[in-house]
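Atoms considered below: every heavy atom in the structure, side chains included; atoms not considered: hydrogens, waters and symmetry mates.
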Amino acid sequence: MIEKQHIIDRFTSYVTIDTESDPNSDTTPSTKKQWNLANKLAEELKQIGLEDVTIDENAYIMATLPSNVSHEVPVIGFISHFDTSPDFTGANVKPQIVANYNGKDIVLNEEKNIILSPDYFEDLLLYKGQTLITTDGTTLLGADDKAGITEIVSAMEYLVNHPEIKHGKIRVGFTPDEEIGRGAHKFDVEKFGADWAYTMDGSQVGELEYENFNAAGAVVTVKGKIVHPGYAKGKMVNSMYIATDYINSLPRLETPEHTEGREGFFHLHNITGTVDETKLQYIIRDHNKTHFEARKEMIQKLANELNDQFEMEVVTVEITDQYFNMREKIEPVMHIVKIAKQAMEQANIEPLIKPIRGGTDGSQLSFMGLPCPNIFAGGHNFHGRYEYVPVESMLKAVEVIVNITKITGQTTFNTENSN
């Protein structure tokens, strides 16, 4: 469908542009460097022949592939994000091409003895004989989600060059700042104008996801009293000790490293502390809405118990909801999941329907009125030095996108009968 080298060249041209987002910034995009890829993408969409290409003041990109059928067809969209995670550096990415992978260890960086091994990352063995793109061990790769962008652009280019493939109107959207939870915040759903869309932001080939975590962030602030330690008896209150009691009061096995599937967790991801004040930053996750609410209540209850113990307010909690499980918005329109499933089966891919242990732009967009399941983009080990993507997986994703456009362009398509 698309030449392998063409996909490689496009993908590497994207990942070598640093687009790391910044959660501490209050601008959109959160980093100026995201504009470098955003502007390149807007120009490239024009070059491949898309229409109505726009890039707004916040770097949100939209474009249109017009319908080439005379009958009424639902408008569908494909969405990806161009920022990369601040969890690991995305500067000076040097992608390495591993042709005909032999199933053995891959030396990412000989000097630093950084090895990508199937002994630890067993999924590598799924791709024996394929072409992998890896890091050099010093950066992340950026397949999350520049693989998705590569696939969408390549699929649109293919459709432009093959007008014999009949399809309805297709909208393309690329967003900044997804990795810091803001990708959908300034997305203009009305302007996008699609009946539904798909984010190309999953991992392994076949992944098809329409349920995700309910998510909240919590900042727990513990106040102490600083007194000269030589004269502190009965006077000093060390906030770090109280914070330790708070941490240890939460269920130790309900953390990311001990949970899987639909199991929720509390994740302590940052601590800053002195005797006088300690701040704990948590993320709270659960697929079940009732359990999610109970987790938030527990965060507050533990603070109340410590305050009762000290007979004063030493612990305060600020909880902010971040996103919710899109399942409740997708279930009423399940035909859009069936279409993606059919598109995968036509590409000889076995659909892997499972919950996302995270969130995507699609979860927020679904609650904004744009139902938006998530489809694989092909990468593995996101947000770190061991990230890689098989080229064949990206090619399959392109095929799935094209198949979805074919299915929705069929004369007999009827959403009411597809539920």
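- Heavy-atom contacts from other residues, nucleotides or ligands closer than 6.0 Å to CE of Met298 number 12 or fewer.
- Considering all non-hydrogen atoms of both residues, Gly264 and Asp286 come closest at CA-OD2, 3.5 Å.
- Distance check, rounded to the nearest 0.5 Å: CD of Gln364 to SG of Cys372 gives 11.0 Å.
- Using modelled atom types, no side-chain atom of Glu57 and backbone atom of Thr28 make a donor-acceptor pair closer than 3.5 Å.
- Salt-bridge formation is not detected for the pair Arg182/Glu178: no Lys NZ or Arg NE/NH1/NH2 atom is positioned less than 4.0 Å from an Asp or Glu carboxylate oxygen.
- For Arg10 and Glu44, the salt-bridge test passes: some basic side-chain N is under 4.0 Å from an acidic carboxylate O.
- Side-chain atoms of Phe376 and Leu208, non-hydrogen and from C-beta on, never get closer than 4.5 Å to each other.
- Atom-to-atom distance recorded for Leu302:CG and Ser249:OG is 5.5 Å, nearest 0.5 angstrom.
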task = Go through the steps for Thr405 and Leu159 under the test side chain to side chain contact (heavy atoms under 4.5 Å, CB included), then give the verdict.
result = CA-CA 9 Å; Thr405 69; Leu159 290 169; 3.8 Å; yes
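- Between His383 and Phe88, the distance separating the two ring centers is not shorter than 6.0 angstrom.
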query = Going through the checks in order, is the side-chain hydrogen bond (donor to acceptor under 3.5 Å, both in side chains) test met by Thr259 and Arg357?
reply = CA-CA 10 Å; Thr259 53; Arg357 286 185 62 79; 2.9 Å; yes
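- Within the model, atoms CG of Leu41 and CD1 of Ile61 stand 4.5 Å from one another, a figure rounded to the nearest 0.5 Å.
- Here the CD1 atom belonging to Ile339 is positioned 9.0 Å from the CD atom belonging to Gln410, to the nearest 0.5 angstrom.
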message = Could you go through Gln5 and Asp9, starting from their C-alpha distance and side-chain angles, then the distance that decides it, and tell me whether this counts as side-chain hydrogen bond (donor to acceptor under 3.5 Å, both in side chains)?
response = CA-CA 6 Å; Gln5 191 60 48; Asp9 291 344; 2.8 Å; yes
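- By the 4.5 Å heavy-atom criterion applied to side chains, Leu280 and Val219 are not counted as neighbours.
- A 4.5 Å side-chain heavy-atom check between Leu132 and Leu124 finds at least one atom pair inside the cut-off.
- Summarising the local packing, NZ of Lys166 is surrounded by more than 12 heavy atoms from other residues, nucleotides or ligands at distances under 6.0 Å.
- With sequence neighbours left out, Thr19 forms a side-chain hydrogen bond (donor to acceptor under 3.5 Å, both in side chains) with Lys146.
- Ion pairing of Asp56 with Lys186 is absent here, as no side-chain N (NZ or NE/NH1/NH2) approaches a carboxylate O to less than 4.0 Å.
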query = Could you go step by step and tell me if Ile133 and Phe11 meet the side chain to side chain contact (heavy atoms under 4.5 Å, CB included) rule?
reply = CA-CA 9 Å; Ile133 304 178; Phe11 176 72; 3.6 Å; yes
Residues Ile106, Tyr101; criterion side chain to side chain contact (heavy atoms under 4.5 Å, CB included); working and verdict = CA-CA 9 Å; Ile106 300 171; Tyr101 173 55; 3.6 Å; yes
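- Proximity of a side-chain donor or acceptor of Asp83 to a complementary backbone N or O of Glu179 within less than 3.5 Å is detected.
- Remark: the Glu157 side chain and the His6 side chain contain an N/O donor-acceptor pair separated by less than 3.5 Å.
- If you take CG on Leu108 and CG on Asp105, they are separated by 10.0 Å, rounding to the nearest 0.5 Å.
- By the 30° and 60° cut-offs, the orientation of the rings of Tyr198 relative to Trp196 is perpendicular.
- Side chains of Val222 and Tyr246 form no contact here, defined as non-hydrogen atoms less than 4.5 Å apart.
- At distances below 3.5 Å, at least one donor-acceptor pair connects side-chain atoms of Arg171 with backbone N or O atoms of Lys191.
- Nearest heavy-atom pair across Gly378 and Pro390 is O-CD, 3.2 Å.
- Within the 3.5 Å criterion, the main-chain N or O of Phe213 finds no donor-acceptor partner in the side chain of Asn325.
- The closest donor-acceptor contact from the side chain of Asp276 to the backbone of Ser239 lies at 3.5 Å or more, if one exists at all.
- Gly148 and Ala377 make their closest contact through N-CB, 3.9 Å (heavy atoms, listed as atom of the first residue, atom of the second, distance).
- Nearest heavy-atom pair, Ile165 versus His167, reported as atom, atom and distance to 0.1 Å: O-CD2, 3.3 Å.
- Salt bridge Arg262/Glu211: present, at least one basic N to carboxylate O contact under 4.0 Å.
- The aromatic ring centroids of Tyr60 and Phe192 lie 6.0 Å or more from each other.
- Contacts of Lys46 classified as salt bridge (Lys or Arg N to Asp or Glu O under 4.0 Å), with partners at least two apart in sequence or in another chain: Glu43.
- A heavy-atom distance below 4.5 Å is found between the side chains of Phe187 and Leu365.
- Every side-chain hydrogen bond (donor to acceptor under 3.5 Å, both in side chains) that Gln34 has, sequence neighbours left out, goes to Ser30, Thr31, Asp177.
- The ring of Phe121 has its center closer than 6.0 angstrom to the ring center of Tyr386.
- The closest donor-acceptor contact from the side chain of Asn270 to the backbone of Gln281 lies at 3.5 Å or more, if one exists at all.
- Using a 3.5 Å distance cut-off with no hydrogens or angles, the side chains of Thr135 and Lys94 do not pair a donor with an acceptor.
- Atom CG in Asp22 sits 8.5 Å away from atom NZ in Lys33 (nearest 0.5 Å).
- The 12-atom threshold is exceeded at CD of Glu257, counting heavy atoms of other residues, nucleotides or ligands nearer than 6.0 Å.
- Salt-bridge check for Lys301 with Glu297: failed, with every basic side-chain N at 4.0 Å or more from each acidic carboxylate O.
- Judged by distance alone, with hydrogens and angles left aside, the side-chain atoms of Glu387 form a donor-acceptor pair with the main-chain N or O of Asp144 at under 3.5 Å.
- You'll find the side chain of Ile8 reaches within 4.5 Å of the side chain of Lys4, heavy atoms only.
- Although no hydrogens or angles enter the test, the distance criterion places no donor-acceptor pair under 3.5 Å between the side chain of Asp201 and the main chain of Ser80.
- For Asn92, the CG atom is loosely surrounded, since the number of other residues' heavy atoms within 6.0 Å does not exceed 12.
- Checked for salt-bridge contact, Lys396 and Glu151 miss the test: no charged N lies under 4.0 Å from a carboxylate O.
- Within a 6.0 Å radius of NZ in Lys296, other residues, nucleotides and ligands contribute more than 12 heavy atoms.
- Between the side chain of Glu207 and the backbone N or O of Ser203 there is at least one donor-acceptor pair closer than 3.5 Å.
- Residues Glu20 and Thr89 form a side-chain contact, since some pair of their non-hydrogen atoms from C-beta on lies under 4.5 Å apart.
- Without hydrogens or angle criteria, His162 side chain to Tyr158 main chain gives a donor-acceptor distance under 3.5 Å.
- The side-chain heavy atoms of Val172 and Thr64, taken from C-beta on, include no pair separated by under 4.5 Å.
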task = Begin with the C-alpha distance, continue with both residues' side-chain angles, and end with the deciding distance and a verdict on side chain to side chain contact (heavy atoms under 4.5 Å, CB included) for Asp361 and His81.
result = CA-CA 8 Å; Asp361 280 346; His81 64 91; 4.2 Å; yes
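- Annotation: cation-pi geometry not satisfied between Arg285 and Phe292 (NZ/CZ under 6.0 angstrom from ring centroid, within 45° of ring axis).
- For Tyr127 and His380, the distance between ring centers is under 6.0 angstrom.
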